[in-house]
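Each ligand, and each atom within it, is numbered from 1 in the order the structure gives. Index from 1, following the sequence.
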Amino acid sequence: MNDTVRNLIVKLNEEHSLTIEEYETILMQRDAEAAEFLADLAVKCRKKYYGNKVFVRGLIEISNICKNNCLYCGIRRGNHACDRYRLSEEDILECCDDGWNLGFRTFVLQGGEDAYFSDEVVCSLIRKIKEKYPECAITLSLGERSRESYQRLYNAGAERYLLRHETADEQHYRKLHPAEMSWSNRMKCLRELKEIGYQVGCGFMVESPWQTTRELAKEMKFIEEFQPDMCGIGPFIPHNATEFAKEPAGSVELTCYLLSIIRLIHPTVLLPSTTALGTIDPLGREKGIKSGANVVMPNLSPVRVRNKYELYDNKICTGDESAQCRSCLSRRMESIGYEIVTDRGDRVRE
Ligand code: 5AD
Ligand code: FES
């Protein structure tokens, strides 16, 4: 690590901000020593707010039916080999029961943009979950909807919303999505979610096709400016039935480096160590936590659909053994000196 990089990392730790050019410098000149230095500061920073606690979210994949055709995604509507499913209200409530008994206090309802999940259907679902488990937090991850729709879901009791922006660069967004999808609409959704009062999560893939270091530097600037409550990042992983099938997967080391930077930009952000990290590297999720992440999101979906929500190839935790995700993750986190807690896991406010 040269002095320039060291000084910039120190500055980031103190000021929580760098210029795009400075972010570019610490990314371009990344080496093992810089990664260690950065991770060390990031871990100190997260310990200050979250101690050695890791929050869990129970991920329920409610439908893999999607009207969109994102070029990188395995459940894109153009993938006719995808075996489609949709969970019933009963199925979903059952997942919540299991989750509650396992100590989950946050449920993430995630799905493709499936028209079946109208405001009426989702509001009814939210109310039923809240009625049964008033102390839980409900997070939605159901894609782009209208402001009115977001408002209705919020009024019904959803408090958090995850919508990855995928890339902070409009030109790059165009290369990853069909013409009918728009970056500006996605950004508009994020702004509206925030205005309504949701705790909002954005995020992007690391080393998606055509992403450059410059783009990653812009991602860092975007996080700095948008100040999301949560930020989901994970390596891009090719899916065999997409046109990116032959592209290389993103790097675990770079993802971890970015996690550390994000922690220093936004000390209290809720930062998941994603399943994609665990897919590329068996110790990926541990590495993410050791780089400054503080959330894990094990799968709570019914076992029969787990291998169908396949955004990318070789996703982990899709077999029968996945009923034990919670205890598996507890063990994994304990092995590196962290503890999974039974808690809603709200963001600490400075
Ligand atoms: N590799 C990694 N992440 C992906 N996602 C979708 N497809 C892939 C892929 N091939 C991510 C997107 C999406 C989230 C639910 O999963 O960022 O927002
Ligand atoms: Fe799913 Fe380990 S987290 S089996």
Starting from the N and O atoms of ligand 1, find every protein N or O within less than 3.5 Å and list the pair with its distance.
| from | atom 1 | to | atom 2 | distance (Å) |
| --- | --- | --- | --- | --- |
| ligand 1 | 1 (N) | Ile237 | N | 2.9 |
| ligand 1 | 1 (N) | Ile237 | O | 3.3 |
| ligand 1 | 10 (N) | Tyr72 | O | 3.0 |
| ligand 1 | 10 (N) | Ile237 | O | 2.7 |
| ligand 1 | 17 (O) | Arg164 | NH1 | 2.9 |
| ligand 1 | 17 (O) | Glu166 | OE1 | 2.6 |
| ligand 1 | 17 (O) | Glu166 | OE2 | 3.3 |
| ligand 1 | 18 (O) | Glu166 | OE2 | 2.5 |

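Of the candidates Glu225, Glu224, Glu219, Lys221 forms a salt bridge (Lys or Arg N to Asp or Glu O under 4.0 Å) with just one, namely Glu224.
Closest approach of Ile129 to Cys96, counting heavy atoms only: CD1-SG, 3.8 Å. Of all the heavy atoms in Phe117 and Arg145, the pair that sits closest is O-NH2, 2.9 Å.
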*side-chain contact (heavy atoms from CB on, under 4.5 Å) between Arg332 and Val54: does it pass, once the steps are laid out?*
CA-CA 11 Å; Arg332 284 169 175 271; Val54 173; over 6 Å; no
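A donor atom on one side chain and an acceptor atom on the other are found under 3.5 Å apart for Thr268 and Arg347.
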Donor-acceptor pairs under 3.5 Å, side chain of residues 250-261 to any protein atom, not counting sequence neighbours: which ones?
| from | atom 1 | to | atom 2 | distance (Å) |
| --- | --- | --- | --- | --- |
| Ser251 | OG | Glu253 | N | 3.2 |
| Ser251 | OG | Leu254 | N | 2.8 |
| Thr255 | OG1 | Ser251 | O | 2.7 |
| Tyr257 | OH | Ile26 | O | 2.6 |
| Ser260 | OG | Cys256 | O | 3.2 |
| Ser260 | OG | Ser291 | O | 2.7 |

